[in-house]
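Both counts, for ligands and for their atoms, begin at 1 and track the order of listing.
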Amino acid sequence: MADPAAFAFARSDFPEGFVFGAATAAYQIEGARFGGAGPCHWDSFAATPGNVVRAEDGATACDHYHRWEADLDLMRDAGLDAYRFSMSWARVMPEGRGAVNREGLDFYDRLVDGMLARGLQPWATLYHWELPSALSDLGGWRNRDIAGWFADYVTLVMRRVGDRIHAAAPVNEPWCVAWLGHFLGLHAPGFRDIRAAARAMHHVLLAHGTAIQAMRALGHGNLGAVLNFEYAAPVDDSAAARQAARLYDAIYNRWFAGGIFAQSYPEAALAGLEPHMPANWQDDFATIGEKLDWVGINYYTRKLIAADPASPWPRLREVPGPLPKTDMGWEIYPDGLYHFLTWLSRVAAPRLPIYVTENGLAAATPREDVERIAFLDAHVAAARRAMAQGVDLRGYFVWSLLDNYEWAAGYEKRFGLVHVDFDTLERQPKASYHALRAALAG
Ligand code: IFM
């Protein structure tokens with residue numbers, strides 16, 4: 001019988017050079033009140049009643065700002081090859097433009113050196129959601145100028161640390177930035193407005209492409225996009241449900257992959273969004289479609305989708321599914337990862353190397369941590385099945401190294417391989433951490 005405290009895979013099951021890593025994000029772990037960072041839209045979103053569980057914010061988070069060395073040690077000791085981290089725009093440029101916070105740049109400089117000293121490849125994300133408040137005041141992602149502001153910030157940080165960065169991606173999960181934050185209103189800035197959403201859906205990709213151009217101009221390579229994907233299944237076999245699921249897939253998955261890899265948006269999504277798009281949006285595809293070196297998949301779950309004819313476009317709703325769920329209420333569906341790996345490799349981005357840049361679950365199991373081990377194991381198995389079918393998968397990053405600030409869910413949801421006590425900030429590796437170390441050593 002399989003040992004529930006051990007992974008079924010070992011490093012030796014993977015090709016030479018396959019990258020195993022862990023991922024985190026600045027606002028979720030650093031502690032935004034330290035080191036001269038400026039305010040960001042998550043601070044004000046969290047301070048507004050009803051947005052975040054217990055109105056918690058990232059002010060202290062895991063205090064990684066002061067404990068980064070021990071956190072890097074944890075990754076080295078687990079036998080990981082790479083660390084996918086993000087840099088905070090608001091930490092480096094407190095007003096989003098202009099004045100530079102040297103202390104912020106120095107922090108990332110030390111952090112990157114610390115990774116290299118421990119044999120960890122630095123994988124940088126340039127934007128993982130902490131938009132400086134001053135830019136939010138100017139319209140944030142609704143304002144086309146954000147592409148230029150972002151490119152300036154990216155140029156600044158990459159000039160400082162880019163020589164030591166192994167791989168970089170501009171924006172983590174554009175869907176969350178645009179749709180979750182501007183249509184569903186569940187993330188900062190909390191808009192529920194189709195015009196705001198349409199603009200953000202486009203500008204986030206324009207900013208992505210502009211940042212890629214800025215990094216190429218500096219001579220950097222190994223640049224990618226990190227997109228999140230959700231498998232959309234119709235709630236039943238009706239034509240209406242199938243059409244609704246297809247539309248969900250268009251908005252969530254095919255919009256971003258389509259913009260970047262095919263320089264087009266799916267018709268089904270445009271049917272609702274086009275009247276609200278910024279002028280001349282079609283002219284931006286040359287920038288949005290700037291050539292990439294790899295694509296990253298962040299994958300967690302599937303959604304069951306039903307038609308909702310009584311509501312305005314997109315006239316669909318999510319329905320709770322029957323599969324076992326994580327503490328986020330997300331169904332566990334590893335076949336979805338297999339689906340997106342093969343779809344990207346064969347249809348959406350043929351021949352492009354792929355990385356699973358995030359995969360993991362929220363589970364509060366304090367000791368055995370068996371659910372996390374089973375979840376990761378099942379998804380790694382799905383990834384291996386895809387590789388056996390010829391998918392050029394080159395690496396796998398667990399979300400996340402540490403329990404951290406899970407955005408609107410506050411500190412309640414525990415995604416870490418390492419437990420964090422949010423009173424003492426003490427770290428305690430979980431069973432999944434030990435199991436991963438054994439798998440990577442074996
Ligand atoms: O915590 C987030 C992360 O910031 C982005 N990807 C999904 C994770 C879990 O919700």
Side-chain angles (χ1 to χ4, degrees), residues 21-32 40-43 45-46 51-53 56-58 61-62 64 71 83-90 123-131 169-181 184 186-189 204 208 224-231 252-253 256 295-303 318 325-333 336-337 340 355-364 371-372 375-376 379 396-420 422 432:
T24 68
Y27 193 79
Q28 294 180 270
I29 64 167
E30 284 178 0
C40 80
H41 69 175
W42 265 95
D43 299 329
F45 183 74
N51 285 340
V52 176
V53 171
E56 288 167 344
D57 60 25
C62 305
H64 174 73
D71 292 340
Y83 176 32
R84 181 173 169 254
F85 70 111
S86 81
M87 291 183 269
S88 158
W89 191 344
W123 284 62
T125 303
L126 279 307
Y127 182 77
H128 199 128
W129 308 352
E130 56 282 273
L131 185 72
V171 178
N172 182 69
E173 301 182 351
W175 178 88
C176 292
V177 173
W179 200 255
L180 198 58
L184 300 177
L186 298 173
H187 272 195
V204 72
H208 155 85
V226 172
L227 308 177
N228 54 324
F229 294 92
E230 252 182 34
Y231 188 84
Y252 202 115
N253 305 312
F256 303 98
V295 59
I297 293 192
N298 291 1
Y299 177 78
Y300 290 89
T301 190
R302 75 161 188 177
K303 289 283 162 58
E318 292 174 20
K325 299 185 181 59
T326 71
D327 280 2
M328 295 296 280
W330 296 345
E331 282 192 308
I332 299 173
Y333 188 65
L337 178 59
F340 286 114
Y355 293 86
V356 174
T357 35
E358 283 183 26
N359 179 234
L361 88 164
E371 289 168 39
R372 192 174 325 275
F375 181 99
L376 297 175
H379 287 79
Y396 175 89
F397 290 77
V398 177
W399 182 271
S400 184
L401 174 68
L402 305 171
D403 292 339
N404 59 45
Y405 179 64
E406 180 50 29
W407 308 109
Y411 290 95
E412 214 168 70
K413 307 297 181 196
R414 294 185 172 274
F415 276 91
L417 294 168
V418 175
H419 180 271
V420 176
F422 289 106
S432 52

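Between W407 and Y27, the ring planes are parallel. Angles under 30° get that label, and only those over 60° would be called perpendicular. A perpendicular orientation is assigned to the rings of W42 and H187, their planes being inclined by more than 60° (bins at 30° and 60°). Note: W89 and Y127 have perpendicular aromatic rings, judged against thresholds of 30 and 60 degrees for the angle between ring planes.
Residue Y299 does not touch ligand 1, judged by heavy-atom distances below 4.0 Å.
Here's the thing with W129: none of its N/O atoms is less than 3.5 angstrom from an N/O atom of ligand 1. Polar contact check, W407 against ligand 1: a nitrogen or oxygen pair lies under 3.5 Å apart. At under 3.5 Å, a nitrogen or oxygen of Q28, whether backbone or side chain, sits near a nitrogen or oxygen of ligand 1.
Under a 4.0 angstrom heavy-atom cut-off, Y27 registers as lying outside contact with ligand 1.
Ligand 1 places these atoms under 4.0 Å from at least one heavy atom of F415: 9 (C), 10 (O). Heavy-atom contacts of N172 reach the following atoms of ligand 1: 5 (C) (cutoff under 4.0 Å). Annotation for ligand 1: atoms under 4.0 Å from non-hydrogen atoms of E358 are 3 (C), 5 (C), 6 (N), 7 (C), 8 (C).
Of all heavy-atom pairs between K413 and A409, the closest is CG-CB, 3.7 Å.
The closest side-chain donor-acceptor pair between Y252 and N228 falls under 3.5 angstrom.
Residues forming a salt bridge (charged side-chain N to carboxylate O under 4.0 Å, His left out) with E173 (at least two apart in sequence, or on another chain): none.
When each of Y333, W399, W330 is paired with Y300, the ring-ring contact (aromatic ring centres under 6.0 Å, His included) condition holds for W330 and for no other.
In this comparison of E406, K413, E173, the heavy atom closest to atom 1 (O) of ligand 1 sits on E406.
Of the protein's non-hydrogen atoms, Y300 OH, 3.5 Å is the one closest to atom 8 (C) of ligand 1.
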